[in-house]
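Since the structure comes first, as structure tokens, the remarks are kept for the end.
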Amino acid sequence: MKKEMEPSGIAQAWNKEADPFEALPSRFEVGRREFLRLSALALGGISVASKAMAAGGTGLSAQEATRHACPRSQTPARNIFAVRLQDLFTFGWDMRLTLTCLQGIVNRRQPQLYLIHDRYDELWLDWMRKRGDVDTVEWLSMTQMFDRFLPQVSCMFVTDPSIPASTNVATMLAGVYGGLVATPNTFKQFNLTTGSGLGPLKNGLDLQKKHWKKDLEAYRWAFHTLDSHLSRQAIAILDPTEVAFRDYLVEFNLPTFWISGTQDVAKNPAAAPEEEKDFAREIMMQWPPNIPCLGWPSGGYKESGIGEDPGIRLASECAKFEVCTAFDGYSPTVGNLSVHSGTSATLSQSIPPVNLQPDKVYCAFIRSDGDGMNFVRHYYRQLFDDPRHGEVPLGWQLGTMVSDLMPDIADYYYKHARPDDCFVNALTGAGYIWEEWYAKGYPVEQRRKILRSYQRLSAIYRQRIDASVMCTGNEMPPELLDLFAGEKGIRGIFANYVRSQETTQHNLVSEVAGVPVFRDAMGLASWLSGDMDFTAYSQQETVRHVIAEIKQWTPVYRPAFLFVGVNNWLREMGMLTEIVNGLGPEYAAVRPDQLVDLYRQK
């Protein structure tokens with residue numbers, strides 16, 4: 001099929017032979033307005049930086065210091081129009097889909113439309129006012145919102161309920177052609193053309209007229225038709241039922257697909273898991289290496305999709321690093337990135353001095369899962385606002401792409417951090433990867449180049465959150481660990497999401513290239529209730545088991561140094577205080593960066 005021409009928005013071209021980091025998008029086929037926006041970004045540089053970067057102590061070139069792995073919006077308008085979506089009930093999902101996609105179109109020129117999906121969106125909007133990002137917020141009813149913004153679209157793309165993939169296809173079409181996304185339940189409310197099904201796509205399309213039988217047919221048609229018009233800066237794996245994140249997808253024309261799991265076939269006859277996985281691999285290998293994979297490969301509470309482990313492994317093989325922006329079973333999908341990504345912040349932290357006591361067992365607790373923007377937006381806010389936050393030193397994993405996607409939200413945490421809080425580069429480097437699988441889909445020599453480029457990209461972004469220590473996800477071969485330990489500015493590595501089978505009391509601490517590596521001493525025994533410790537009883541049981549695990553894995557020698565991973569069982573900050581009190585006076589809780597200092601004093 002002949003590909004459509006002259007879409008609205010960005011139509012990017014990529015030099016696929018170039019170095020995978022040096023070739024971060026610089027060659028665009030853009031309109032005048034978009035050219036001016038990109039020029040302003042290039043000239044203005046990045047405002048998210050550490051004190052060290054501001055002092056020029058990073059060893060990075062000026063070009064490297066201003067690169068963005070994730071697309072960024074313009075600075076938000078001083079007056080923001082806001083709409084509450086919680087009261088949408090009749091065809092609520094359908095209308096949310098339409099509104100979030102329309103938001104992406106509206107916010108392209110300048111972010112001015114903000115949607116309230118839940119109470120956290122309202123909290124973050126209030127924070128933007130306090131920061132001075134916006135002066136006023138004007139609340140609109142649904143009718144007022146459509147009266148104001150519907151004129152910005154001239155056509156419509158209607159989904160096909162029998163083909164879930166049509167939601168992702170309609171989202172891509174809306175981005176490329178500046179159209180509205182609607183469903184058969186709602187499209188008659190809008191006086192917009194859907195085309196004839198035979199004419200140009202700029203006139204819209206009712207996707208039911210394509211008569212697809214399988215999701216894969218829809219994706220193949222979309223990627224063939226829209227190929228050169230889709231961004232090469234990032235990709236997304238997104239459950240078609242997820243809505244809130246679509247403003248960002250539409251704004252930047254991000255390629256979006258879904259990989260069904262075997263469990264999906266019973267409820268979705270259009271699913272073809274193995275064929276969809278092969279197609280996903282095909283697409284990801286065509287797109288440049290070392291770019292973000294947004295969304296999330298698992299839907300619901302791990303109920304649908306290819307799933308986290310196979311999905312992350314596949315993305316890693318294709319040299320794409322995951323940045324979770326969708327519901328992962330714990331925190332809801334991220335919305336309003338078309339607004340948040342236009343903010344800026346300077347992120348910096350300092351390390352309080354600490355002196356070694358030779359008879360102590362030093363424990364560094366690190367809260368996991370901050371690699372996900374969904375956690376940072378939602379779960380971290382719960383814990384940070386807990387009245388008992390700050391009673392125990394704690395490391396907070398933080399995905400470095402927060403500096404591109406939502407600097408204002410990161411700024412909240414850095415400004416509200418207690419003296420004993422430490423922000424740690426989340427697993428592993430620029431994003432969530434399976435280290436041993438990363439870029440395995442490429443020939444050996446090309447893989448080496450991709451890994452080196454990933455290391456450089458990771459160094460740049462780690463410095464943007466001013467982190468000196470990094471968490472890794474899994475055990476990895478010595479040469480890979482050596483590569484990450486050799487990243488400029490790394491002072492310590494905290495290895496493994498949970499205790500691995502290779503961990504013993506003798507290798508809880510080791511050194512690689514002069515950098516201390518602390519292996520997680522906490523095993524799966526801490527996950528007592530499927531991470532759902534909502535009752536006082538389950539929380540107390542978790543506290544008791546964690547104390548027992550720590551004591552069991554404490555070495556006999558002194559001083560001793562332990563990395564204790566804190567996973568999703570941490571529902572209330574007081575649980576940490578109870579754990580530390582239960583360990584007794586021989587144990588001392590310190591920040592992760594302080595654990596590095598204490599180890600070096602030894």
Side-chain angles (χ1 to χ4, degrees), residues 351-368 383 386-397 417-422 424 469 471 492 494-500 503-510 516-529 531 533 535-602:
I351 309 173
V354 62
N355 295 315
L356 181 70
Q357 298 182 47
D359 60 341
K360 289 290 186 183
V361 178
Y362 291 100
C363 293
F365 296 92
I366 300 180
R367 178 64 179 90
S368 69
L383 295 175
D386 189 313
R388 302 189 71 177
H389 169 214
E391 291 181 355
V392 174
L394 183 62
W396 300 82
Q397 285 188 9
R418 310 301 195 266
D420 284 334
D421 285 329
C422 167
V424 178
V469 296
C471 284
F494 292 80
N496 307 332
Y497 186 79
V498 295
R499 187 178 65 241
S500 74
T503 302
T504 69
Q505 286 193 351
H506 302 290
N507 68 4
L508 283 170
V509 187
S510 58
V517 177
F518 305 90
R519 282 181 168 80
D520 196 343
M522 201 70 233
L524 290 174
S526 63
W527 294 13
L528 299 181
S529 307
D531 304 341
D533 289 327
T535 68
Y537 167 75
S538 65
Q539 289 178 8
Q540 287 302 313
E541 284 296 292
T542 294
V543 166
R544 183 173 64 82
H545 278 265
V546 170
I547 292 170
E549 283 253 310
I550 292 172
K551 289 186 174 182
Q552 179 183 346
W553 280 86
T554 298
V556 295
Y557 55 80
R558 301 289 182 272
F561 307 91
L562 288 179
F563 157 36
V564 180
V566 178
N567 304 122
N568 295 329
W569 48 262
L570 184 67
R571 293 284 165 180
E572 297 182 2
M573 298 298 283
M575 295 172 70
L576 278 181
T577 303
E578 294 177 30
I579 289 168
V580 171
N581 290 341
L583 288 170
E586 186 182 12
Y587 291 80
V590 295
R591 292 169 38 148
D593 45 11
Q594 290 178 320
L595 192 71
V596 173
D597 286 346
L598 290 165
Y599 175 80
R600 293 193 182 282
Q601 290 179 36
K602 167 182 174 297

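Residues Trp569 and Met575 have side chains in contact (heavy-atom distance under 4.5 Å, counting atoms from C-beta outward). Counting heavy atoms from C-beta on, the side chains of Ile579 and Ile550 come closer than 4.5 Å. Using a 4.5 Å cut-off on side-chain heavy atoms (C-beta onward), Leu394 and Met573 make contact. The shortest distance between side-chain heavy atoms of Glu549 and Met522 falls below 4.5 Å. Side-chain contact between Val590 and Phe561 is absent, with no heavy atoms from C-beta onward closer than 4.5 Å. Side-chain contact between Val517 and Val509: absent, with no pair of heavy atoms (C-beta onward) separated by less than 4.5 Å.
Atom CG in Asp386 sits 6.5 Å away from atom CD in Glu572 (nearest 0.5 Å). Summarising the geometry, atom CG belonging to Asp520 is positioned 8.0 Å from atom CD1 belonging to Ile366; distances are rounded to the nearest 0.5 Å. Distance OG1/Thr504 to CH2/Trp553: 6.5 Å, rounded to 0.5 Å. With rounding to the nearest 0.5 Å, the separation of OG1 in Thr577 from CD in Glu391 is 3.5 Å. How far NZ of Lys360 is from CG of Leu598: 12.0 Å, rounded to the nearest 0.5 Å. From Phe563, atom CZ reaches atom SG of Cys363 across 11.5 Å, with rounding to the nearest 0.5 Å.
By the neighbour-count criterion of 12 heavy atoms within 6.0 Å, atom OH of Tyr557 is densely surrounded, having more than that number from other residues, nucleotides or ligands.
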Can Asn496 and Thr503 be said to form a side-chain contact (heavy atoms from CB on, under 4.5 Å), step by step? CA-CA 10 Å; Asn496 307 332; Thr503 302; 4.1 Å; yes
Could you give me the CA-CA distance, side-chain angles and deciding distance for Leu570 and Phe365, then say whether side-chain contact (heavy atoms from CB on, under 4.5 Å) is met? CA-CA 11 Å; Leu570 184 67; Phe365 296 92; over 6 Å; no
Going through the distances and angles, do Leu595 and Phe518 end up as a side-chain contact (heavy atoms from CB on, under 4.5 Å)? CA-CA 9 Å; Leu595 192 71; Phe518 305 90; 3.7 Å; yes
Val566 and Trp396: side-chain contact (heavy atoms from CB on, under 4.5 Å), yes or no, with the steps? CA-CA 10 Å; Val566 178; Trp396 300 82; over 6 Å; no
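Side-chain polar atoms of Gln540 and Glu578 form a donor-acceptor pair below 3.5 angstrom. Of the N and O atoms on the side chains of Gln397 and Ser368, not one donor lies less than 3.5 Å from an acceptor on the other residue.
Evaluation of the side-chain hydrogen bond (donor to acceptor under 3.5 Å, both in side chains) test over residues 579-592, restricted to residues two or more places apart or in two chains, returns Thr554-Tyr587, Arg558-Glu586, Arg591-Asp593.
Nearest heavy atoms, Ala364 versus Pro592: CB-CA, 3.9 Å. Contact detail for Lys551 and Gly582: the closest heavy-atom pair is NZ-O, 3.7 Å. In terms of heavy-atom proximity, Lys602 sits nearest to Pro559 at CD-CG, 4.2 Å. Closest approach of Ala521 to Leu562, counting heavy atoms only: CB-CD2, 4.2 Å. The nearest pair of heavy atoms linking Pro555 to Ala560 is CD-CB, 4.1 Å. Between Leu383 and Arg571, the shortest heavy-atom distance links the atoms CD2-O, 3.8 Å.
Judged purely by atom type and a 3.5 angstrom limit, Asp420 has no side-chain atom pairing as donor or acceptor with the backbone of Gly390. At least one donor-acceptor pair under 3.5 Å links the side chain of Gln505 to the backbone N or O of Gln552. Here the side chain of Gln594 pairs a donor or acceptor atom with the backbone of Pro352 at under 3.5 angstrom. Listed for the Ser510 side chain is no donor-acceptor partner under 3.5 Å among the backbone atoms of Asn507.
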